[in-house]
Participant: 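Sharing a structure below in structure tokens format, with a few things to ask.
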Amino acid sequence: MVTALFYLLAGLAIACAISCVYHKNPLYSAVSLIGVFLSLACIYLTLSAPFIAVTQILVYAGAIMVLVIFVIMLLNLDEDKPLNSLTYLYGVGGGLGLLLIAQAIFVFYAVNTAGQESVDSTAAGKTLSIGLAMYTQYLLPVEIVGILLLMAIVGAMIMSRRIREPNQRKAEKAVE
Amino acid sequence: MEPSLETYLALSGILFAIGAVGVIYKRNAIGMFMCIELMLNAVNLSFVAFARHYGDVTGQLFVFVVMAVAACEAAVGLGIIITFFRNRESIDVDDASIMRN
Amino acid sequence: MEPIVKTLFPFIVISVGIIAVFGGVMMIVAYTVLAERKVLGWIQGRIGPNRVGPWGLFQPFADLLKFILKEELIPDQSTRFIFYLAPLVALTCAFMPMIVYPFGPEIVGSFDFLPYGLGEGIKSLPLRVADLDVGVLYVLAITSVGVYGIALAGWSSNSKYSLMGGLRSSAQMISYELAMGASVIGVVMLAGSLSLGDIINAQINSTFRWFIIPQFIGFVVFLIAAFAETNRVPFDLPEAETELVAGFHTEYSALKFALFFMAEYVNMFTVSVMAVTLFLGGWYIPGLDYLARTVGMEWLFGVGTIGYALISHVGFLLKIFAFLFFYIWVRGTLPRFRFDQLMNFGWKFLLPVALANVILTVVVVFLVGRFW
């Protein structure tokens, strides 16, 4: 049952990922990527990690991708242009991709974990255990992440602030 | 019967490969950004699979940290993209070869 | 036969639960639409719909029939796939939170009468579909995914009004989600759990019975953020009809429009249930169990009986209806915000207040735990 569900979701995730890379229109890519995130969230549920699954939807699908779609709609982007000068990148990309997939298949066949008994514990995914670990054993990383988030907020605000007035810029363009 | 650890790792590897190809293949900054998110997610999957395998909560905390970093990346990265678009009227990374402006 | 039935039994139970919940919610939503038109009519000194059936009681069905039979128009330059996808996303995300809500207390009893020994070991019948460990987060997450329905509809229609509506909607949702999440943290801290069932139990065992008393600031912030999340007046900028024709659903007609329309009302219901569960004790009516003990009629409506569950459920529905009425009342009373006012209000007032509430709750919980 879980296996069938896993293969269904894994197929969906891979199909959406390929579609994300394949489509030239950024909005199609974004919608496909949301599909990947949602199927990964369902896979986390089968891995008995409900907290991570819900956070995945909340952070990735609910916040990051909304921002991305907002930017795509705001800038009104058209389709991706084809490569003009760097055509050899197709070859490099394809080669690298094949290499990585070969590596994944190698991992699948060569690494044998049959000898090790997997610890069957569903308690690890509970909110309580995550919260306890987060605020006792891993307090320092959590604090560092908090500071990082604060820096990101300040950075994003400074970055997207309009430094020059639009009229001034137009005047400059006219001069050029 | 549940799928084994290797199966999850293989899925994670395949997703990572697709994301890596996408970063090289895409020409606009938003597309590259999305492919990087895809790679981060592939890594997250392997973390959660390991956490399940060893019955340990550490892997899931790593995922949590990765998500926070991804959120920072989204905020700053999209800020850069908007500023870049404002200056160049394009988000093609090929146009980012000049440091001026 | 027996093993098949035993394997299928949980699926059948859950499916029946989901169908019952969805059917009930659909009926409530249909009559919310009618109630909205009636109440708005009264507020504005009109009568409201009164032609179909007595007092217009069959109006929702007439509306539905009209939506089904109307011609469907699809803009020529639209992105077909996403245009079809958007209303489905909106309605699915509106319905999905239903499965974690507790609609009433557990009914204790033995279920040995079921064939094949299916009732073995089952001590009680909970009036909910699933009790997730992360219920509150789940609801917030699904609500935040719901914005895609509106954003994608706005983008795929290939119309400037729709695009403006979609843009406004995504900006608004991101801003007010934060305040909503922060306002819930206080309740979660008092209850010590993210599961909705545990939150209700914590309220029953708390000093004030309902969390609205210790968390009044959180409640007000939640209510305002909820108005924004459901795109209702005074925050209905995504569909502001005086500026944007009809906002994100300008190009939608017939059944697709009906799906958006339904999604909005289901969202209203969802948010009302959230407010009732988090702040008003859910299905719990203070004093009902005590009354049953003093009158000596515990066999009829003592804790765990069907009578208790029924009365609690009716109380729960009444609380929700009060919230829905409040929504309609506000719609009939308040004007619309301007977009910059909306953003300023969300980021510079609502979010700081919600965070201050979190800090206040932390301090009070710490002091109470320390000195009492």
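As the structure is a prediction and not an experimental result, all values here were calculated from the model. Chain identifiers are assigned alphabetically (A, B, ...) following the order of the sequence lines, protein sequences preceding nucleic acid strands; residue numbering begins at 1 within each chain. Both backbone and side-chain heavy atoms feed into the values below; hydrogens, waters and symmetry mates do not.
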Participant: Which answer fits A:Leu67, side chain, backbone, both or neither, if we ask what part of it has an atom under 4.5 Å from a heavy atom of chain C?
Facilitator: both

Participant: Under a 4.5 Å heavy-atom cut-off, does chain A meet the side chain of C:Ile174, its backbone, both or neither?
Facilitator: side chain

Participant: Who pairs with A:Val145 by side-chain contact (heavy atoms from CB on, under 4.5 Å), at least two apart in sequence or on another chain?
Facilitator: A:Leu149, B:Val65, B:Ala68

Participant: Non-hydrogen atoms of chain C under 4.5 Å away: do they reach the side chain of A:Val66, the backbone, both or neither?
Facilitator: both

Participant: Give a yes or no on whether the backbone of A:Ile43 and the side-chain of A:Thr46 come within a donor-acceptor separation of less than 3.5 Å.
Facilitator: yes

Participant: With a 3.5 Å distance limit and no angle check, can you tell me whether C:Ser169 reaches the backbone of C:Gly165 through a side-chain donor-acceptor pair?
Facilitator: no

Participant: Do the ring planes of C:Trp155 and A:Tyr28 sit parallel (below 30°), tilted (30 to 60°) or perpendicular (above 60°)?
Facilitator: perpendicular

Participant: Can you check whether A:Ala15's main-chain N or O pairs, donor with acceptor, with A:Ser19's side chain at less than 3.5 Å?
Facilitator: no

Participant: Does any N or O in the side chain of C:Ser162 come within less than 3.5 Å of the main-chain N or O of C:Gly154, such that one atom is a donor and the other an acceptor?
Facilitator: no

Participant: Using a 4.5 Å heavy-atom cutoff, which residues in residues 178-198 of chain C come close to chain A?
Facilitator: C:Leu194

Participant: Could you tell me whether a side-chain N or O of A:Gln137 sits under 3.5 Å from a main-chain N or O of A:Leu132, the two making a donor and an acceptor?
Facilitator: no

